[in-house]
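Down below is the structure, laid out as structure tokens.
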Number of protein chains: 2
Amino acid sequence: MTRRTPRPRERGIPEATVARLPVYLRALQSLTERGTPTVSSGELASIAGVNSAKLRKDLSHLGSYGTRGVGYDVEYLIYQISRELGLTQDWSVAIVGAGNLGRALANYGGFGTRGFRIAALFDADPAVVGDEVAGLSVRHIDTLEDVVSVEKVSIGVIATPAAAAQGVCDRFVSAGVTSVLNFAPVVLSVPDGVDVRKVDLSIELQILAFHEQRKADGHEGPGWIGALEA
Amino acid sequence: MTRRTPRPRERGIPEATVARLPVYLRALQSLTERGTPTVSSGELASIAGVNSAKLRKDLSHLGSYGTRGVGYDVEYLIYQISRELGLTQDWSVAIVGAGNLGRALANYGGFGTRGFRIAALFDADPAVVGDEVAGLSVRHIDTLEDVVSVEKVSIGVIATPAAAAQGVCDRFVSAGVTSVLNFAPVVLSVPDGVDVRKVDLSIELQILAFHEQRKADGHEGPGWIGALEA
DNA sequence: ACGCCCTTGTGAATGCGCGCACAAAGTGGG
DNA sequence: CCCACTTTGTGCGCGCATTCACAAGGGCGT
Ligand SMILES: NC(=O)c1ccc[n+]([C@@H]2O[C@H](COP(=O)([O-])OP(=O)(O)OC[C@H]3O[C@@H](n4cnc5c(N)ncnc54)[C@H](O)[C@@H]3O)[C@@H](O)[C@H]2O)c1
Ligand SMILES: NC(=O)c1ccc[n+]([C@@H]2O[C@H](COP(=O)([O-])OP(=O)(O)OC[C@H]3O[C@@H](n4cnc5c(N)ncnc54)[C@H](O)[C@@H]3O)[C@@H](O)[C@H]2O)c1
């Protein structure tokens with residue numbers, strides 16, 4: 001390490017880099033399980049499916065954690081990325097909408113292992129409230145504000161029908177939640193300072209359909225666009 | 001319009017534009033339901049949560065379908081976008097993995113309404129094969145190649161555990177599927193000409209956690225990044 | 001028929017992200 | 001101790017995407 005520059009950490013990691021850090025993290029974790037102590041940018045990039053220069057530039061935004069001629073220490077890099085992403089602390093997540101998707105999410109084990117704790121599951125339907133899902137009792141949406149406050153929920157997940165999504169989002173925001181993950185097919189509007197990310201399967205399928213049609217149309221020449229990512 | 005150029009359609013709509021067309025489509029459909037006959041770029045952009053100049057530039061890639069001083073004809077624009085995205089035809093989708101997520105997807109009604117037909121649902125677990133899900137009988141994964149061929153599946157959805165995903169993907173590809181939507185947390189590798197899109201909830205949460213941490217850290221000044229989209 | 005006003009379509013400027021290519025730096029062997 | 005080899009960290013140029021700002025186009029009222 002021995003860096004003379006006390007590493008100012010320029011305040012501001014590019015958004016594109018932030019989106020890739022979790023991918024690197026997963027690649028590194030698979031290396032740990034295999035017992036690999038160090039890894040070069042080339043190897044790691046190959047596992048993560050990115051260009052090695054891009055990977056190095058991404059990591060350089062966190063600091064200078066590699067050793068020239070050797071590579072990166074896997075454990076140390078896992079720690080640094082985790083810290084940067086805020087995964088050294090636990091985050092409480094609340095899910096609204098205990099339907100098909102909400103239940104699948106609640107039942108999914110892959111969140112807890114990464115520091116995301118599902119603190120509560122809400123629904124508006126009295127027939128659903130009280131159901132036991134993944135060890136949680138479904139709560140009534142009217143208790144959202146209380147629960148958010150008590151459980152210190154910082155991330156809200158919306159898995160309700162589209163028509164209810166904006167209303168649920170507003171309630172999350174006024175309860176103090178500043179990060180929202182939205183599965184409903186609507187554009188949410190939120191005040192500044194609140195982050196919204198959306199997961200829209202229908203859009204994904206439509207994008208695939210677009211490219212599929214292009215492949216079928218006349219110019220079925222080369223692999224023109226190829227794999228979008230790895 | 002009186003365009004001298006006989007509409008060359010320059011062969012190639014920017015990827016960023018393609019990703020937004022479905023959003024515009026949804027906004028337009030909500031306008032139709034409300035009976036609105038025409039819409040200006042400003043209004044539509046506001047509904048879709050984008051900048052109006054961006055919206056106009058996006059639409060200009062499809063052709064010159066607006067009327068100056070008036071705006072866009074809602075029905076006509078719906079048709080043009082649908083055609084461009086390939087939604088005027090039906091697409092067959094196969095889902096592999098009839099677990100929490102696979103079942104939620106199969107039960108979701110929002111796909112069929114947009115021209116995506118779920119043609120089959122596969123699993124490797126004998127205890128699951130034969131289950132009835134959303135009117136479909138879960139088939140054994142070994143019949144994948146046959147079914148893909150018979151049902152003319154063009155989009156494959158992977159909802160298996162991570163460890164099985166690459167294998168399933170390979171089978172899709174060798175069966176002739178050239179569009180894959182992957183929910184498993186792994187980087188898939190595919191030959192040129194095959195499109196892969198991934199939906200990774202864990203990554204979304206980690207990105208939110210990153211920003212959440214930043215908000216909590218010292219500089220809790222302005223809404224520095226604000227809402228990512230609308 | 002004319003001109004006002006509204007909205008589109010796009011040229012141009014700016015910014016961001018990507019990837020090449022290389023100098024700097026550290027390792028290990030002789 | 002020095003040299004050859006490996007790998008990092010990054011300067012630089014390129015292309016895509018976003019946004020501003022405005023000229024050109026078309027409807028509508030008079
Ligand atoms: N299921 C999928 O695979 C899938 C795929 C893509 C998108 N989506 C989207 O995800 C959302 C949920 O899908 P789903 O299949 O789980 O739907 P669902 O109908 O099975 O479940 C929705 C749940 O939300 C509850 N709800 C309705 N209004 C509410 C409110 N105001 N407050 C709290 N809860 C409320 C309902 O009681 C119901 O239990 C929808 O917007 C859907 O478009 C789902
Ligand atoms: N459930 C969620 O909300 C959620 C959230 C994020 C990510 N994911 C990811 O989605 C995937 C599926 O999640 P899930 O919760 O549905 O898991 P699950 O364990 O409930 O279901 C997986 C299904 O895949 C089947 N399967 C296993 N190997 C197979 C093979 N080789 N061929 C065909 N089928 C096979 C299993 O029999 C099982 O039925 C996982 O990769 C998971 O990480 C799920």
Side-chain angles (χ1 to χ4, degrees), chain A residues 1-5 7-10 12-21 23-24 36-74 76-77 80 224-230, chain B residues 1-5 7-21 23-24 36-46 48-74 76-77 80 224-230:
Chain A
M1 289 307 86
T2 54
R3 39 184 157 67
R4 344 15 139 72
T5 53
R7 182 62 47 220
R9 180 71 49 66
E10 301 85 355
I13 296 181
E15 196 53 35
T17 295
V18 173
R20 283 187 295 267
L21 290 179
V23 178
Y24 303 155
T36 313
T38 62
V39 66
S40 70
S41 63
E43 290 173 76
L44 187 54
S46 159
I47 299 173
V50 300
N51 177 292
S52 72
K54 180 154 58 176
L55 183 139
R56 287 196 299 276
K57 190 160 290 184
D58 282 342
L59 294 183
S60 77
H61 288 114
L62 311 191
S64 212
Y65 299 137
T67 306
R68 292 166 197 242
V70 176
Y72 300 88
D73 181 274
V74 173
Y76 188 58
L77 200 49
Q80 290 299 342
W224 43 288
I225 197 157
L228 294 191
E229 30 203 298
Chain B
M1 281 320 80
T2 54
R3 39 186 157 66
R4 335 23 132 75
T5 53
R7 174 79 41 238
R9 182 69 51 66
E10 299 87 354
R11 295 282 135 237
I13 297 182
E15 196 52 35
T17 295
V18 173
R20 282 187 296 266
L21 290 179
V23 178
Y24 303 154
T36 312
T38 62
V39 66
S40 70
S41 63
E43 290 173 74
L44 188 54
S46 159
V50 300
N51 178 294
S52 71
K54 178 154 59 176
L55 183 140
R56 288 197 298 277
K57 188 155 288 185
D58 282 342
L59 294 184
S60 77
H61 288 114
L62 311 192
S64 211
Y65 299 138
T67 306
R68 293 166 194 246
V70 176
Y72 300 88
D73 182 273
V74 173
Y76 188 58
L77 200 49
Q80 289 299 342
W224 42 287
I225 198 158
L228 294 192
E229 28 204 300

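Proteins come first, then strands; the chains are lettered A, B, ... in the order of their sequence lines, and each starts at number 1. None of these values were measured; they are calculated from a predicted model.
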**Request:** Could you walk me through whether L77(A) and L44(A) pass side-chain contact (heavy atoms from CB on, under 4.5 Å), step by step?
**Result:** CA-CA 11 Å; L77(A) 200 49; L44(A) 187 54; 4.3 Å; yes
**Prompt:** What do the steps show when you test L62(A) against L21(A) for side-chain contact (heavy atoms from CB on, under 4.5 Å), and what is the final call?
**Reply:** CA-CA 10 Å; L62(A) 311 191; L21(A) 290 179; 4.1 Å; yes
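We find the CG-OH distance between L59(B) and Y72(B) to be 5.0 Å, quoted to the nearest 0.5 Å. To the nearest 0.5 angstrom, T17(A) atom OG1 is 7.0 Å from Y24(A) atom OH.
If you check every strand for non-hydrogen atoms under 4.0 Å, A53(B) touches a base.
Taking for each of D58(A) and R68(A) the nucleotide of DNA chain C with the nearest heavy atom, the 5'-most of the two is the partner of D58(A). Between P14(A) and N51(A), the residue whose closest nucleotide on DNA chain C is further toward the 5' end is P14(A).
In this model, the phosphate group of dG26(C) is not approached by any side-chain N or O of Y72(A) to a distance below 4.0 Å at OP1 or OP2. For the pair S41(A) and dT7(D), the criterion of a side-chain N or O lying under 4.0 Å from OP1 or OP2 is not met. In this structure, R56(A) does not reach the dA21(C) phosphate: none of its side-chain N or O atoms is under 4.0 Å from OP1 or OP2.
Closest to the side chain of S60(A), out of dG9(D), dT7(C), dC18(C), is dG9(D).
Atom CD of E43(B) is separated from atom P of dT7(C) by 8 Å (rounded to the nearest Å). Rounding to whole angstrom units, CG of residue D73(B) and P of dT8(C) are separated by 13 Å. The CD-P distance, from E15(A) to dC16(D), rounds to 22 Å in whole Å. Atom NZ in K54(B) sits roughly 13 Å away from atom C1' in dC16(D) (whole-Å rounding). In this entry the distance linking CG of L55(B) with P of dT10(C) reads 14 Å, nearest Å. The CZ atom of R20(B) sits 15 Å away from the P atom of dC16(D) (whole-angstrom rounding). Summarising the geometry, the separation between NE2 on H61(A) and P on dT8(D) is reported as 17 Å, rounded to the nearest angstrom.
Between the side chain of K57(B) and the base of dT19(D), at least one donor-acceptor pair of N or O atoms lies under 3.5 Å.
Annotation: side chain of T67(B) is not in contact with side chain of T38(B) (no heavy-atom distance under 4.5 Å).
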